[in-house]
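Structure first, then comments.
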Amino acid sequence: MKTNRAVRTPGGLSLRLDLRAVTVVVLLLAAALAASVVLIGTGDFPIPASDVLKTLLGQGNPGQEFIVNELRLPRVLVGLLVGAALGLGGALFQAISRNPLGSPDVLGLGQGATAGALTVIVVLSGSAAQVTAGALVGGLVTGFAIYVLAWKRGVHGYRLVLVGIGVNAIVTAINGYLLTKADIVDAARAVVWMTGSLNGRGWEQVWPLLALCAVLVPLVLANARGLRMMEMGDDISNALGVRVERVRLLLLVAAVLLTASATAAAGPVSFVALTAPQLARRLTRSPGPNLLPSVCMGAALLVTADWASQRAFGADQLPVGVVTGVLGGAYLLWLLVTERKKGRI
């Protein structure tokens, strides 16, 4: 059965759509939205899904409007945006490195953002806003360092991954040192942040992340064609008119910004950037970078994990980073075994 269909626009443009990929995107988006409604209704004061929808449409009572719009909706929106940003960032890194392990978790960007946040907490005793800024700066500096160290007449896949693993080890050691130098209050605050959590997230985290995603997601999707051609190799891509290093640098900067901003908003939520693109690829069965499916998969994964962290363990609510870490660690082991059987590693 054919899954591709050519579509012509009124302006004369011709587009080829993968019907299976479009179906996967629609289903993942529906799953993310449904999980969001359920998550908004979850808590010490449960609200039925029908009442949640009425409240979102402005038809709830004052108590429901306060709980939904002020307490729970911002948390869910942060979860959706963080998941989408991590899913897209992971898809970009994996496509550029041509390696399923080439994700921000492995390359050290999450640890770099953590180093920036720990510096603000331990050294400067900064506020929550300063911690967020420190995490963003730490992620950007780490991304720049990886790019410079991996550069040798261009940036290539395995060198990028190997340099990232080395930087990850160094930054992890720095984070351990910072924790040993912190007093007990700052150390406890830092450990909570390092777990990765959506607790206490409000509109002040939503708007900056939403603005960044509104700029970067269309920019990345506009360069999806060049990214797909780059999977055939730099020489063929150059012959087809793709400015390889320019596109690669642009997409790497976008991936670093997406990952650093997501980490700044919710802490280092592990393994979403690794698993979301791989799961999206398996659902679409498409060899391309699967950027939009990865966005939707990341959002659906994170809100579902957040629901599980609140409901699956009774009265003991876990930070969402613990849930994604457990599930992602199991997935990573499965991926390593699978790749080894295929002789790729």
Legend entry - Side-chain heavy-atom pair L80, L302 within 4.5 angstrom cut-off: no
Show me the donor-acceptor pairs within less than 3.5 Å that the side chains of residues 209-224 make with the rest of the protein, sequence neighbours left out.
| unit_1 | atom_1 | unit_2 | atom_2 | d |
| --- | --- | --- | --- | --- |
| N223 | ND2 | L219 | O | 2.9 |

Inset, instruction - For residues D306 and R75, determine if any side-chain heavy atom of one lies less than 4.5 Å from a side-chain heavy atom of the other. - result: yes
Legend entry - Smallest separation among heavy atoms of P289 and A91, with atom names: O-CB, 4.0 Å
Inset, instruction - Any chance you could lay out the side-chain hydrogen bond (donor to acceptor under 3.5 Å, both in side chains) test for T114 and N175, step after step, and finish with the verdict? - result: CA-CA 7 Å; T114 301; N175 291 342; 4.9 Å; no
Inset, instruction - Check the pair V206 / R201 against side chain to side chain contact (heavy atoms under 4.5 Å, CB included), numbers first and verdict last. - result: CA-CA 8 Å; V206 172; R201 298 307 186 265; over 6 Å; no
Legend entry - Heavy atoms from other residues, nucleotides or ligands near CD1 of I184 exceed 12 (cutoff 6.0 Å): no
Legend entry - Distance, nearest 0.5 Å, that separates OG of S294 from CD of Q94: 7.5 Å
Legend entry - Close side-chain approach of R72 and F66, heavy atoms under 4.5 Å: no
Legend entry - Hydrophobic cluster membership, M194 vs V82, 4.5 Å side-chain cutoff: no
Inset, instruction - Identify the two heavy atoms, one from C296 and one from V25, that lie closest to each other, and give their separation to 0.1 Å. - result: SG-CG1, 3.8 Å
Inset, instruction - Please report the shortest heavy-atom distance between V303 and V76, naming the atom on each side. - result: CG1-O, 4.2 Å
Inset, instruction - Calculate, to the nearest 0.5 Å, the distance between atoms CG and OG belonging to L73 and S36 respectively. - result: 9.0 Å
Inset, instruction - Consider only side-chain heavy atoms of I, L, V, M, F, W and Y, link residues closer than 4.5 Å, and tell whether V171 and F144 are in one cluster. - result: no
Inset, instruction - Identify whether L27 and V295 are in the same connected component of the hydrophobic contact network (ILVMFWY, side-chain heavy atoms under 4.5 Å). - result: no
Inset, instruction - Please examine the side chains of N69 and Q64, heavy atoms only from C-beta on, and report whether any two atoms are closer than 4.5 Å. - result: no
Inset, instruction - Flag the pair M297 / L283 as yes when at least one side-chain heavy-atom distance between them is below 4.5 Å, and no otherwise. - result: yes
Without placing hydrogens or testing angles, list every side-chain donor-acceptor pair under 3.5 Å for residues 321-330, not counting sequence neighbours.
| unit_1 | atom_1 | unit_2 | atom_2 | d |
| --- | --- | --- | --- | --- |
| T324 | OG1 | S270 | O | 3.0 |
| T324 | OG1 | V320 | O | 3.4 |
| T324 | OG1 | G321 | O | 3.2 |

Legend entry - OH-CZ distance between Y147 and R248, expressed to the nearest 0.5 angstrom: 8.0 Å
Inset, instruction - Evaluate the criterion side chain to side chain contact (heavy atoms under 4.5 Å, CB included) for residue pair V256 and F93; output intermediate values, then yes/no. - result: CA-CA 9 Å; V256 170; F93 275 113; 3.9 Å; yes
Inset, instruction - Scan for ring-ring contact (aromatic ring centres under 6.0 Å, His included) pairs involving residues 197-216, sequence neighbours excluded, and state none if there are none. - result: W203-W207
Legend entry - L33: hydrophobic cluster co-members (side-chain, 4.5 Å): L29
Legend entry - Interatomic spacing from CD in Q59 to CG in L53 - rounded to 0.5 Å: 10.0 Å
Inset, instruction - Just jot down the side-chain contact (heavy atoms from CB on, under 4.5 Å) partners of A31, sequence neighbours excluded, or say none. - result: none
Inset, instruction - Indicate yes or no: at least one non-hydrogen side-chain atom of I146 is less than 4.5 angstrom from one of T142. - result: yes
Inset, instruction - Determine, step by step, whether D105 and Q111 satisfy the side chain to side chain contact (heavy atoms under 4.5 Å, CB included) criterion, reporting the C-alpha distance in whole Å, the side-chain angles of both residues, the deciding distance to 0.1 Å, and the verdict. - result: CA-CA 8 Å; D105 302 295; Q111 289 294 331; over 6 Å; no
Legend entry - Pairwise side-chain contact, L291 with L92, heavy-atom cut-off 4.5 Å (strictly under): yes
Inset, instruction - Looking only at non-hydrogen atoms, find the nearest pair between A264 and L136 and report the distance. - result: CB-N, 4.1 Å
Inset, instruction - Quick one: pull up CG in L86 and CG in L274 and give me the separation to the nearest 0.5 Å. - result: 11.5 Å
Legend entry - From CG (L258) to CG (L109), nearest 0.5 Å: 11.0 Å
Inset, instruction - Report yes or no: does Q205 contribute a side-chain atom to a donor-acceptor pair with the main-chain N or O of G202 at less than 3.5 Å? - result: yes
Legend entry - Shortest non-hydrogen separation from T172 to N168 and the atoms involved: OG1-O, 2.7 Å
Legend entry - Evaluation steps, side chain to side chain contact (heavy atoms under 4.5 Å, CB included), between S103 and V106: CA-CA 5 Å; S103 79; V106 177; 3.9 Å; yes
Inset, instruction - Please name all residues satisfying side-chain contact (heavy atoms from CB on, under 4.5 Å) with P46, sequence neighbours left out, ordered by chain then number. - result: none
Inset, instruction - Determine, using the 4.5 Å side-chain heavy-atom cutoff (strictly less than), whether V122 and V141 are members of one ILVMFWY cluster. - result: no
Legend entry - Same apolar cluster (I L V M F W Y, side chains within < 4.5 Å links), W334/L301: yes
Legend entry - Minimum heavy-atom distance between P277 and G90, given as atom pair plus value: CG-C, 3.6 Å
Legend entry - Flag side-chain contact, heavy atom, 4.5 Å: I47 against I67: yes
